[in-house]
2 protein chains.
Amino acid sequence: MIANELCNCNILRNSSSKITSIYDKALSHTGVKVTQYGLLKYVYLLKSPNLSQLSAALYQDRSTLGRNIRILERMKLVSINAGIDKRQVQIELTNYGVFTLKEARKAWELVQKKIELKLGKKKQEQLIEILKNIEAIELKL
Amino acid sequence: MIANELCNCNILRNSSSKITSIYDKALSHTGVKVTQYGLLKYVYLLKSPNLSQLSAALYQDRSTLGRNIRILERMKLVSINAGIDKRQVQIELTNYGVFTLKEARKAWELVQKKIELKLGKKKQEQLIEILKNIEAIELKL
DNA sequence: AAATAAAATGAGTATATACCCATAGTATGA
DNA sequence: TCATACTATGGGTATATACTCATTTTATTT
């Protein structure tokens, strides 16, 4: 009665997990994981944002972001300071954070290219297109 | 110097997260999340497996499985008993677990169909194909 | 049979994630 | 200006996940 059809959700979860571990291994010598690289990148791109700005840019929960950022702080990659508005925290890359971001960027470029080669340009583009579709889905539930 | 190109890994992570929350909402009235539904389904399909069998079927870490199964045990959805080989634990669905699995299955079918409609058959198939490619990737790192 | 190897699991530790609620600070409207 | 509403964040709690190491049991090899 219950068969084992492919679940869109679980195949995506599995692929996501698999590719995350590939990227993590490719970045491992830099000391950061691909998720942390993403965070550092946005702190850089948004030029010392506060948590709400970061979480809006990353479409992630603020408290999640807060926790993840505090890990980067422990790792001396970012500093967290009170903003002029004292409710806010201003997040800045440390020098070590900038250095690490650049190293991670090099490693990221390599693994990204390798994946693109393995997958081929056409499938790569199809994937992006389909995932955009998925992220745009709003089901009435 | 550091631009914001699309990262295969992060777009997959985001899509995975997004679609997980869609499935979770669709299943919410059954009391289980889509990941837990997947676990229940495999306990059913594998007919009271032990942890190693489950983790092999799901390509997941054994200790992860152990923790997730103990959550299902707390929820009275499965029972965990010692096997004949006393190292093993035998995992069985309770009656409530079977009932919940069936309810979750109905909800899963609905949301799965809705997603397929939104996405279209062609993209659906492309997605599966591409994700299989990704899961098969073995980079020498 | 005794020693050793292998298998199954659990526990410790850690990250990533989200939800809800409390609190502190700021802005706004009467 | 004072009460109220809004904003930014932190903390509690919970799930999902993986890695490493210890322990218990079983299997294998002298």
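In the text below, chain A, chain B and the rest are named by the order of the sequence lines, each starting its count at 1.
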Is [X] near enough to [N] that one of its side-chain N or O atoms lies under 4.0 angstrom from OP1 or OP2?
X     : N      : result
A:Q53 : D:dA8  : no
B:S52 : C:dT9  : yes
A:N68 : C:dT17 : yes

Under 4.0 Å, heavy atoms only, any strand: does A:D85 hit a base, just the sugar-phosphate, or nothing?
sugar-phosphate
Any base atoms under 4.0 Å from B:L54, or only sugar-phosphate, or nothing? Heavy atoms, all strands.
nothing
Passing candidate, side-chain contact (heavy atoms from CB on, under 4.5 Å) with B:Y42, options B:L54, B:L65, B:I91:
B:L54
Under 3.5 Å donor-acceptor, B:Q112 side chain and A:L6 backbone:
yes
Say whether A:E92 and A:N81, considering side chains only, have a donor N or O and an acceptor N or O under 3.5 Å apart.
yes
At less than 3.5 Å, do the side-chain atoms of [X] and the base atoms of [N] form a donor-acceptor pair?
X     : N      : answer
B:T64 : D:dA16 : no
B:R67 : C:dT13 : yes
A:R87 : D:dT7  : yes

Shortest side-chain distance from [X], nucleotide among [options]:
X     : options                : answer
B:K86 : C:dT9, D:dT17, D:dT25  : D:dT25
B:L51 : D:dT9, C:dT9, C:dA16   : C:dT9
B:R70 : C:dG10, D:dA18, C:dT9  : C:dG10
A:D61 : C:dT9, C:dC19, C:dG25  : C:dC19
A:S63 : C:dA18, D:dT25, C:dG25 : C:dA18

Salt bridge or not between A:R105 and B:E5? Use side-chain N to carboxylate O under 4.0 Å.
yes
In plain terms, say whether A:E103 and A:K106 are close enough for a salt bridge, that is, a side-chain N and a carboxylate O under 4.0 Å apart.
yes
Provide, to the nearest angstrom, the distance between the CG atom belonging to A:L27 and the P atom belonging to C:dT15.
16 Å
Mapping B:R62 and B:R74 to their closest nucleotides on DNA chain D, which lands nearer the 5' end?
B:R74
